[in-house]
Amino acid sequence: MGRYNPKTTEPKWQKIWAEKQVFKTDFDPEKPGFYILEMFPYPSGKIHLGHVRNYSMGDVIARYKKAKGFNVLHPMGWDAFGMPAENAAMQLGSHPAKVTYDNIAVMREQLQQMGLSIDWSREFATCDPDYYVHEQRLFLDFYAKGFVDRKKSYVNWDPVDNTVLANEQVIDGKGWRSGAPVERRELSQWFFKITDMAEDLLAAIDDGRLDGWPDNVRLMQKNWIGKSYGLKMTFPISGEPINGFSGIDVFTTRPDTLFGASFVGLSPDHPLVETLAATDPALADFVEECRKTGTTEEAIERAEKKGHRLSIEVEHPLIPGKKLSVWVANFILMQYGTGAVFACPAHDQRDLDFARKYDLPIIPVVLPPQEDPKTYTIDEDAYTGTGTLFNSEFLDGLSVDEALKKIIKHIENKGIGEGTTTWRLRDWGVSRQRYWGCPIPIIHCKTCGTLPVPAESLPVKLPENVDFSKPGNPLERHPTWKNTICPKCGKDAKRETDTFDTFVDSSWYFARFAGPSSDAPTNRKEVDYWLPVDQYIGGIEHAILHLLYARYFTRMMKACGHVGLDEPFKNLFTQGMVTHATYKSATGEWLFPEQVENRNGQWVEIDNGAPVTKGAIEKMSKSKKNVVSPEVIAETYGADAARWFVLSDSPPERDVEWTDSGVEGAWRLVNRIWDMAAGHTGLLDGLDVGQIDTLTGPGDKNLRRTTHQTIEGVSSDIENFRFNKAIARIYEFLGHIKKADEASKPALAEAYSALIRMIAPFTPHLAEECWQVLGGEGLVANAPWPSYNKDLLGSETIILPIQINGKKRAELEISPNLNREEVEALALSNNSVQRHIEGKEIRKFIIVPGRIINIVV
RNA sequence: GCCCCUGUGGCGGAAUUGGUAGACGCGCUGGAUUCAAAAUCCAGUUCUUUCGGGAGUGUCCGUUCGAGUCGGACCAGGGGCACCA
């Protein structure tokens, strides 16, 4: 037998799997279905290590479940709409469709070379009109059901390019191309009313529907939805009403601190502020200044706290005669609550920072335990903990919880406010002013208003001849595309030129896979059989947005009869990211890792020796160029070694920092297994796989015990996503097989048969080749998973560590079924134990059966 | 800033969830094989030591017979923050 050559072996088996349609899946109500799905990739051009890791994990599960007798659905498609293709069109002049489909062709080839057990017959891209026509149909259904809304919201506006920018395109508050300071601008946009379902999206997190999800993801979603109960109340404006406002409605989750109120703060986007700014140039300047912060919560929160005092004052609702100043503050978000707050600086850090800056009063009203009300003061830090109310009239002496209840009741009784539930979650804005997305099927008519495109006119296809020479939305400036006629009155009308957020595309693709050629958006019969996805796998970076939108979308689809369930993903596994250091040239451009090297401790560009700044270790992303291509590994060592390697070292949920070392080890393993198999040609000839497990032979107890222990361990490791541990076990098993010289042929056959079937999910090509050489029946891809016999797992003796005062001093090898007294006697007779307890009194004798002995002296 | 996560030898990591810290792999050292090399195989590898032992899981403090694991405070790194996907 020659050396193992993946270059010929891997394509050979891929061809055989394809010809025999081993991974093609059909609806079969007789068999239990198992739907495994990895988050589908954006076709960026080449697969990267994150993909290899993600799809290798999914493939292990898919092949394992198939071996366990499930009808496995393991599809693949492309999240194909999005900004990068449109940017490429602007920079290189190529059409987004061409760029996208070219990239898909390359990446499909690369994925196929990995030997994944995917049913390629179900493949689609979200930019296929055959896919997005159904997205438009779904939208019409949602529109009819009242799930869709049109309202104003803020976007990043580049005043030079006259275009809307994505958050990613805003760098230090400036447009990425123009360099102009970006403004926050209001625009009418389409929304899905996700807040209407906030209650159920939240409830499902804790009522068992998401029990198969990781706790941290559930917690993140819970915090994101952000249900909170508080008080909405009015602070009357002193004197005459201003511009029709007689009071300011504020929302607070800490009404217990009402007597510590120091001032009232308004968002720069608050309607009252807008009316005042019309006649107050200084205020208008301040508001404009605030709007330069951009739209992200992060930017607003991190910006230096700034305020502008208004000329109006409000009255404290419970303290007659007390007036509070009113400020516009840049950190107050219009989207949350009422866009106005009352501030209690003593018990809120942001309010405290603001109060210190503008010299506003600080009145503590919650006294921490063990503090004296006469001497208690607030220094650097606001006190946000629990305690006893003081300085608060009728609330004095109450706990925070009691005070919250009492004050809400009190305000409600006075009729100046009410207890209210608010949500952090905002409606989902789906409008994008871009070309490369699914057109929103809406028609604007001057007489009839806004109308949905009639279902029979779908799809609304993207025009192909578009102009990318300038920034802005090509659909908007296309000479003819937006011209249409009103479906109601027949007069000239305009198409909606916004396209969908790409999160819409990825919110239902999993349902489409269960019937990819259906005339309706979904094939109900197949959807009911396959869904929910039994195992969903993807990056932790999608923990909130994608997963929350998909959960909401599924509810909307259910309401329209397209699916029969609320929660699309039964079990979720979030893998860690593949990270790598970033490198920046002296001119501030990102560099690929292969462009730089370390010379005497200094990072330089290989081409010209120019100095390079090594930046943070971040998730691999094309925009920062800190990517390592898996091609080199696959070309040198083959797909199996690459798959084995990405799963072998790190626990799957953890981030991995990529290093080159270690691939060699995977390559060695491939060869080692091949050599072992090649040394036992025909070992499995004529043996029925199912029968091997019951064979017995003399003198090979140890080998059989190891074989069955390994089967048990590897099976549970795979079920629990502990691929690194499964692999470690296989390494140990290899060592045992090699040393089992005296084992009989049947025991050896059992070991080899189990070994090859256990490595098959990890290194499928190698497994097929070995299976063939050993004389296994059929394809290992179709072979059942090895089973183990519980009776063969146990060993005759166990090793019990002995501790004296919690420190290990000796070991005891005993039979596991000795009783307590016998163990105690054996322990005390041990030499090392005697030396350590000599002359001391035994105060406690702890025996944890099968675990440990601890003697306290 | 807010929410979530992570931290163990030279490196990636393991530890049955409170019970022998360092499985397995990488790297390194020594040996075998070879004309030589590659490949392969075998052995060793937390630090320290007067060879009895002592120290040790980011830092400090606590709970316990016993802490990598539980609690508190802190430090460092990563992810998300609604138009990157």
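Numbered from 1 within each chain, the chains take letters A, B, ... in sequence-line order.
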Across all strands shown, which nucleotide pairs with [N] by Watson-Crick or G-U wobble geometry, both distances under 3.5 Å?
N: U29(B); value: A43(B)
N: A36(B); value: none
N: C51(B); value: none
N: C83(B); value: none
N: U59(B); value: A73(B)
N: U20(B); value: none

Among Lys357(A), Gln349(A), Arg356(A), Arg350(A), the one residue meeting side-chain hydrogen bond (donor to acceptor under 3.5 Å, both in side chains) with Asp353(A): Gln349(A)
Please state the [atom1] separation for the pair [N] and [M] - nearest whole angstrom.
N: U57(B); M: U8(B); atom1: P; answer: 11 Å
N: C75(B); M: G58(B); atom1: C1'; answer: 7 Å
N: U20(B); M: G80(B); atom1: P; answer: 38 Å
N: G19(B); M: U64(B); atom1: C1'; answer: 12 Å

Between Leu187(A) and Gly806(A), name the one whose nearest nucleotide on RNA chain B is closer to the 5' end.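 It is Gly806(A), whose closest nucleotide lies nearer the 5' terminus.
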5' precedence on RNA chain B between Phe40(A) and Lys739(A) (nearest-nucleotide basis):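 Looking at the nearest nucleotide for each, Lys739(A) comes out on the 5' side.
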Looking for any heavy atom pair under 4.0 Å, which part of the strands does [X] touch: base, sugar-phosphate only, or nothing?
X: Val155(A); answer: base
X: Val856(A); answer: sugar-phosphate
X: Gln189(A); answer: base
X: Glu653(A); answer: nothing
X: Pro41(A); answer: nothing
X: Glu298(A); answer: base
X: Trp224(A); answer: base
X: Ser650(A); answer: sugar-phosphate
X: Arg424(A); answer: base
X: Arg672(A); answer: sugar-phosphate
X: Ser431(A); answer: base
X: Glu811(A); answer: base

As a quick check of understanding, evaluate side-chain hydrogen bond (donor to acceptor under 3.5 Å, both in side chains) for Asn156(A) and Thr295(A), giving each step before the final call. CA-CA 6 Å; Asn156(A) 300 305; Thr295(A) 58; 3.1 Å; yes
Would you kindly give the [atom1]-to-[atom2] distance between [X] and [N], to the nearest whole Å?
X: Ile853(A); N: G19(B); atom1: CD1; atom2: P; result: 16 Å
X: Ile332(A); N: C2(B); atom1: CD1; atom2: P; result: 17 Å
X: His542(A); N: A85(B); atom1: NE2; atom2: P; result: 10 Å
X: Glu664(A); N: G12(B); atom1: CD; atom2: P; result: 19 Å
X: Phe845(A); N: G19(B); atom1: CZ; atom2: P; result: 20 Å
X: Phe81(A); N: A85(B); atom1: CZ; atom2: P; result: 12 Å
X: Leu548(A); N: C3(B); atom1: CG; atom2: C1'; result: 14 Å
X: Glu304(A); N: G1(B); atom1: CD; atom2: P; result: 14 Å

Think [X] has a side-chain N or O under 4.0 angstrom from the OP1 or OP2 of [N]?
X: Asn854(A); N: G19(B); result: no
X: Arg654(A); N: G13(B); result: yes
X: Thr502(A); N: A85(B); result: yes
X: Lys725(A); N: G13(B); result: no
X: Arg668(A); N: C26(B); result: yes
X: Lys808(A); N: U20(B); result: no
X: Asn724(A); N: G25(B); result: no
X: Arg185(A); N: C83(B); result: no

Using only atom types and a distance under 3.5 Å, with no angle test, would you say the side chain of Tyr637(A) pairs donor to acceptor with the backbone of Asp640(A)?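 Side chain of Tyr637(A) to backbone of Asp640(A): no pair is present.
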Lys/Arg-Asp/Glu bridge criterion (N-O < 4.0 Å) met for [X], [Y]:
X: Glu38(A); Y: Arg53(A); answer: no
X: Lys808(A); Y: Glu811(A); answer: yes
X: Arg177(A); Y: Asp158(A); answer: no

Anti/syn call for [N], syn if |chi| within 90°:
N: G77(B); result: anti
N: G27(B); result: anti
N: U20(B); result: anti

Please check if any side-chain donor atom of [X] sits under 3.5 Å from a side-chain acceptor atom of [Y], or the reverse.
X: Asp501(A); Y: Trp428(A); answer: yes
X: Gln709(A); Y: Tyr788(A); answer: no
X: Gln221(A); Y: Arg551(A); answer: yes

Is a donor-acceptor contact shorter than 3.5 angstrom present between the side chain of Arg851(A) and the base of G19(B)? no
